[in-house]
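Below you'll find the structure, written out as structure tokens, and then a few comments.
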Number of protein chains: 2
Amino acid sequence: PLLCKQAGGNRTLDFSVAAVLPAGGSGERMGSATPKQFCQLLQRPLISITLERFERVHWIKEIVVVVSKQNFELMSSIIEHYGHSRAIVVEGALTRHQSIFNGLKAFVVNQSPSSWLEKPEVVIIHDAVRPFVEEDILFRVATAAKEYGAAGAIRPLVSTVVATNAEGYLDHSLERAKYRASEMPQAFTFDIIYRAYQQCTDYDFEYGTECLHLTLKYCGTSAKLIDGPPDLWKVTYKRDLYAAESLIKESLSKSVCIFTGMQKEAVQLGCLLQEALQLMMEVDVLTWSLNKESQCIQAISSGLYYNFIYININNFDLPLEIVQLMELIENAKLSALYPVVVTVVHLNNLETASSCIRMEDFTNIKELAKEAHQKNVLLYRLLINYTQVCEAAQ
Amino acid sequence: PLLCKQAGGNRTLDFSVAAVLPAGGSGERMGSATPKQFCQLLQRPLISITLERFERVHWIKEIVVVVSKQNFELMSSIIEHYGHSRAIVVEGALTRHQSIFNGLKAFVVNQSPSSWLEKPEVVIIHDAVRPFVEEDILFRVATAAKEYGAAGAIRPLVSTVVATNAEGYLDHSLERAKYRASEMPQAFTFDIIYRAYQQCTDYDFEYGTECLHLTLKYCGTSAKLIDGPPDLWKVTYKRDLYAAESLIKESLSKSVCIFTGMQKEAVQLGCLLQEALQLMMEVDVLTWSLNKESQCIQAISSGLYYNFIYININNFDLPLEIVQLMELIENAKLSALYPVVVTVVHLNNLETASSCIRMEDFTNIKELAKEAHQKNVLLYRLLINYTQVCEAAQ
Ligand SMILES: [Mg+2]
Ligand SMILES: [Mg+2]
């Protein structure tokens with residue numbers, strides 16, 4: 001349930017936490033010119049998805065993104081465009097470790113152009129290319145870091161690890177049970193990781209395996225290792241982009257909000273839809289209203305829904321409610337993040353309607369749909385002609 | 001280029017090779033009831049895709065698939081349905097190693113109900129859930145096994161590997177450069193791997209890491225390790241199924257075959273399309289003909305194309321050529337493996353045509369499209385009304 005948690009947890013921490021996201025990779029392994037953190041997922045750069053996940057977590061303050069010099073402008077424009085208000089760009093260096101160190105310096109007076117940032121007690125380090133990070137694992141590494149000085153997510157090994165000899169033959173296989181894959185996020189008390197980097201040699205900066213190793217080597221801090229969920233995997237190959245996009249699409253399809261008018265038939269259809277859909281997804285049915293404390297406005301602005309159905313009776317002009325709904329979606333900036341789908345269902349009672357309605361008649365909604373499409377909202381119409389015995393057509 | 005290589009290489013080997021595919025996994029990690037080797041990719045079980053890859057390789061003889069008792073019937077029906085003529089099902093056992101051993105016994109007289117199979121000199125062992133295996137890596141492990149007794153594909157480690165102590169803290173990180181992930185395929189001279197399994201203890205059968213380790217331990221054979229391509233990865237999580245499906249879709253979109261009639265305009269449009277499309281995909285343009293040595297028939301039966309365009313002029317009944325094309329696709333069994341897309345382009349010269357043509361007029365093709373859809377062929381029609389100055393409509 002990726003998006004279902006979007007509303008964010010209510011946890012609080014009694015120490016301050018910030019994050020550093022190294023995003024300097026060159027994308028060589030993808031076989032593409034675009035570094036993977038800038039590849040598009042549903043028309044949006046991967047790094048923006050990762051940032052959104054961090055911003056859902058209220059107890060993380062600043063999120064420092066470290067990018068190479070040539071991507072500084074690009075990254076700044078992404079932050080601007082998607083409204084990542086807690087993100088700060090910092091220029092990286094040649095190696096991953098130097099880049100992370102640059103990110104940390106942003107919190108240290110006189111060490112960086114961005115050094116107005118307040119030094120946090122704990123800093124989380126996470127790869128920009130691991131977008132599916134959730135509050136739970138962030139919370140667990142942060143609190144473990146506060147307690148033990150250093151902590152990192154691990155996963156069971158998927159493949160057996162083998163040692164090779166110089167001629168390319170098998171030397172020995174590792175016993176899988178004793179080893180783990182070290183993943184992200186990792187977290188450290190700020191002073192420990194900063195001290196480790198201050199002592200790093202050029203060799204460490206260039207070839208050093210990872211932060212956990214450096215804090216062990218230079219500060220004697222043995223990191224607490226924490227079992228992480230499988231979704232933490234690193235987007236490395238093109239197939240990983242495909243997988244990430246499918247996972248996001250899947251999560252966008254996990255909930256729908258149905259609005260109905262007051263009319264009996266509309267409410268009835270809403271309830272029928274709920275029954276039919278609730279085995280597949282979360283369904284909420286609300287009567288349309290825009291007064292104070294309206295649940296409708298709350299539902300739209302919660303960010304829990306990217307699918308909306310509006311059920312309407314015998315009104316084939318452009319109903320005011322649809323225009324209002326589209327405005328609320330725009331104001332909530334939902335479609336800035338992901339495509340939003342709005343389906344307007346027109347129930348047409350053939351016994352009371354004055355004449356036969358055809359899809360061609362909905363010119364006003366057609367215009368609105370065109371405009372909406374520009375804003376990443378897909379507006380569909382469905383006409384149901386029915387009589388008392390409830391025959392559906394088109 | 002997955003499907004582009006479908007026509008198969010021309011390599012030959014001077015020793016005999018068979019394959020054993022353990023397919024006994026339980027699918028627990030997927031969070032789904034269906035074991036992953038039986039999950040559907042484009043409406044087809046994953047194991048069938050892997051089998052197809054092996055059957056493209058002419059120098060591999062029998063392919064023994066080892067499944068659990070409860071999936072024996074299912075596996076037999078898959079082999080029947082998708083026409084995997086070189087595949088044989090063998091019943092597995094409780095552990096992966098016992099299942100592989102059962103697969104090997106199929107080649108040994110009096111050891112298995114299937115023991116009429118001739119013992120190969122080299123046997124390839126491959127996971128059923130690594131569908132993107134190509135001839136090149138199979139060839140390299142098979143020839144290395146013949147020379148060294150054992151060989152296996154390896155990949156660089158994606159994550160750092162860490163050793164944990166009993167309390168769940170970091171003990172040390174491995175130096176990545178010295179270690180590799182051991183992947184599949186692996187290959188062995190039959191006698192060496194069989195001898196290793198004959199000596200295995202119950203502990204080995206239950207907890208043994210992998211075949212390469214067993215042949216080292218019991219036969220003193222140090223396997224040759226061979227760098228494999230990234231596509232060998234193991235379909236483990238749901239996201240891997242998504243990735244696999246996208247990769248197959250991508251490969252299906254990599255080539256298109258355009259057929260035209262003799263008319264000048266049709267050939268011209270074919271060439272224009274080729275120019276426009278060839279930056280994105282392989283495009284072949286052929287004049288439709290069904291005489292002996294017809295390139296058209298060869299193109300269809302090659303298995304290189306899953307997209308066909310037929311360009312037709314001023315003929316809005318169901319042209320005979322389309323019916324023939326659909327029959328050839330069916331005979332080549334293309335759509336038994338993957339969905340096939342056929343687009344019929346009707347060029348309508350408004351100056352010479354007797355009257356205005358509307359899409360609604362194509363009733364015959366509509367009927368054909370319905371039938372085709374049942375057989376996994378998607379038939380589309382496109383009407384282009386034009387005058388000398390080449391205005392396109394609809
Ligand atoms: Mg690190
Ligand atoms: Mg093995």
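Just so it is clear, the model here is predicted, and its values are computed rather than measured.
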Distance-only donor-acceptor hits, side chain of residues 138-153 of chain B, under 3.5 Å, sequence neighbours excluded:
from	atom 1	to	atom 2	distance (Å)
Arg140(B)	NE	Asp136(B)	OD2	3.2
Arg140(B)	NH1	Asp227(B)	O	3.3
Arg140(B)	NH2	Asp227(B)	O	3.2
Thr143(B)	OG1	Phe139(B)	O	2.9
Thr143(B)	OG1	Arg140(B)	O	3.3
Lys146(B)	NZ	Glu121(B)	OE1	2.8

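Using modelled atom types and a 3.5 Å distance limit, the side chains of Tyr218(A) and Asp204(A) yield a donor-acceptor pair. For the 3.5 Å distance criterion, the side chains of Glu250(A) and Ser253(A) fail to qualify, holding no donor opposite an acceptor.
Heavy atoms of Lys178(A) lying under 4.5 Å from chain B belong exclusively to its backbone. Looking at Leu174(A), both its backbone and its side chain come within 4.5 Å of chain B, counting heavy atoms on both sides. Of the two parts of Glu167(A), only the backbone, made up of N, CA, C and O, holds a non-hydrogen atom closer than 4.5 Å to a non-hydrogen atom of chain B. When heavy atoms are compared at a cutoff of 4.5 Å, Leu216(B) approaches chain A solely by way of its side chain, counted from C-beta outward.
Atom OH of Tyr242(B) is separated from atom CD of Glu245(A) by 12.0 Å, given to the nearest 0.5 angstrom.
Take Ala163(B) and apply the side chain to side chain contact (heavy atoms under 4.5 Å, CB included) test, not counting sequence neighbours, and it matches Tyr179(A), Asp171(B), His172(B).
When each of Glu175(B), Arg180(B), His213(B) is checked for heavy-atom pairs under 4.5 Å with chain A, Arg180(B) comes out on top.
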